[in-house]
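This is a predicted model, so every value here is computed, not measured. In each ligand, atom 1 is the first atom listed, and ligand 1 is the first ligand listed.
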Amino acid sequence: MNVPFLDLKAVNARHAADLKAAAARVIDSGWYVLGEEVKAFEAEFAAWVGSPHCVGTSDGLSALILALRGWKELGLLKEGDAVAVPANTYVASVLAITENRLRPVLVEPDEATFNLSAAKLSAALTPDVKAVLAVHLYGQLADMPDIAKLCRERGLLLLEDAAQAHGAQVDGRKAGAWGDAAAFSFYPGKNLGALGDAGALTCRDAKLAEMVRALRNYGSHVKYQNLVQGPNDRLDELQAALLRVKLPHLDADNARRREIAQRYRRELRNPRVRLPSVQADEASHVWHLFVVRVADRPAFQQRLLDRGVHTAIHYPIAPHQQAAYAQELGQLSLPLTEALHREVVSLPISPVLNDEQVAHVIAVVNQA
Ligand SMILES: *Cc1c(COP(=O)(O)O)cnc(C)c1O
């Protein structure tokens, strides 16, 4: 039996007729950039997240960059300010900070959840830290009740990197509705994936939403008038129309991911494989990835592959050990983050896996 890590063709084949109809609607409209589809998707996604504002962007990284850039333009952050971020995040979180000439303060994660904890965050705060970038890594909401409380008490801006956590919630409040602002990615492999690059910012403050709307469009809020110097980071009509087809199915997809994760957590019992844990209730995790830890990773992956189970590594190199950050962060020692990067393996988890494939993964891992 073959279990691909992620079969994107199968993911989208379920909606092929509706996706083709949506694409045809855009093609026939003659309007391809910043039109009715983007406006409608922004309203639908804001309502789904439970956030007052949504601004579509070209991708997740640009949403992260523009959130911080927006705060700079509004005078809430300035060049050189520090931003606390989990050290084991995907490099894009850190890129958003350095792209704005802000300084990343890398915080070791909580070992059980792979996420920032309020305690470790609190210990890392210095007077230079003006904002926190909380990442809901692998789909699990970070400890937002405590992190949001800490940020309120210390007067810190709170940005969520929700690129992997569409729908993760605690106390009925979803990722994207906890921070002052949040960035989502709709990269094809994410829980809500476009058929190309796409992203969005959600936020509470109408002024930030207005600023990011201008920033994504050359810094222009009115055609040919430029408030500030901005890039072209717009979400396009075609991707927005395709996302509108897929958004109504996101809850069902997340439920299927949860079902598979529950089986893995119940039935995987190989003492050499450390399973992920869920901090709050089941709703707090949308299982973008099912990440286990093993000591002998290359051999483990090979044994699985020999029996048709494809795995992946998220991520093989920590941001502070990337060549791109050799100068700025290369001298840091972050033992837990480094151990995680040596040991993590992602098992297949996708809404299109069938029960036989899930059973095969379980059997193969238990025998590995
Ligand atoms: C995917 C991802 C991003 C970047 O999103 P893109 O749309 O690929 O630019 C940022 N942060 C995290 C945690 C991600 O997983």
* Asked: Quick one: does ligand 1 sit under 4.0 Å from the side chain of D161, the backbone, both or neither, non-hydrogen atoms only?
  -> side chain

* To do: Quick one: look up the protein heavy atom nearest atom 9 (O) of ligand 1 and list residue, atom name and how far away it is.
  => L61 N, 2.9 Å

* Check each atom of ligand 1 against the heavy atoms of A163 and keep those under 4.0 Å away; list them by number with element. => 2 (C), 3 (C), 10 (C), 11 (N), 12 (C), 14 (C), 15 (O)

* Asked: So, T337 versus E108: side-chain donor-acceptor pair below 3.5 Å or not?
  -> yes

* Asked: Can you check side chain to side chain contact (heavy atoms under 4.5 Å, CB included) on L133 and L64, steps first, answer last?
  -> CA-CA 9 Å; L133 176 41; L64 284 167; 4.0 Å; yes

* To do: Check whether the side chains of H136 and E160 place a donor and an acceptor atom closer than 3.5 Å, and report yes or no.
  => yes

* To do: Could you tell me the residue and atom name of the protein heavy atom closest to atom 8 (O) of ligand 1, and the distance to it rounded to 0.1 Å?
  => S185 OG, 3.9 Å

* At a 4.0 Å threshold, what atoms of ligand 1 neighbour a non-hydrogen atom of A92? -> 3 (C), 4 (C), 10 (C)

* **Donor-acceptor pair between N217 and R234 side chains, under 3.5 angstrom** => yes

* Asked: Is there a heavy atom of K190 sitting under 4.0 angstrom from any atom of ligand 1?
  -> yes

* To do: Any atoms of ligand 1 less than 4.0 Å from a non-hydrogen atom of G60? List them with their elements.
  => 5 (O), 6 (P), 7 (O), 9 (O)

* Does one hydrophobic cluster hold both I349 and Y138, with members joined at side-chain heavy-atom distances below 4.5 Å? -> no

* To do: Report yes or no: is the cationic atom of R258 (NZ for Lys, CZ for Arg) closer than 6.0 Å to the six-membered ring centre of W287, at no more than 45° off its axis?
  => no

* To do: Could you tell me which atoms of ligand 1, counted from 1 in the order shown, lie closer than 4.0 angstrom to a heavy atom of Q164?
  => 13 (C), 14 (C), 15 (O)

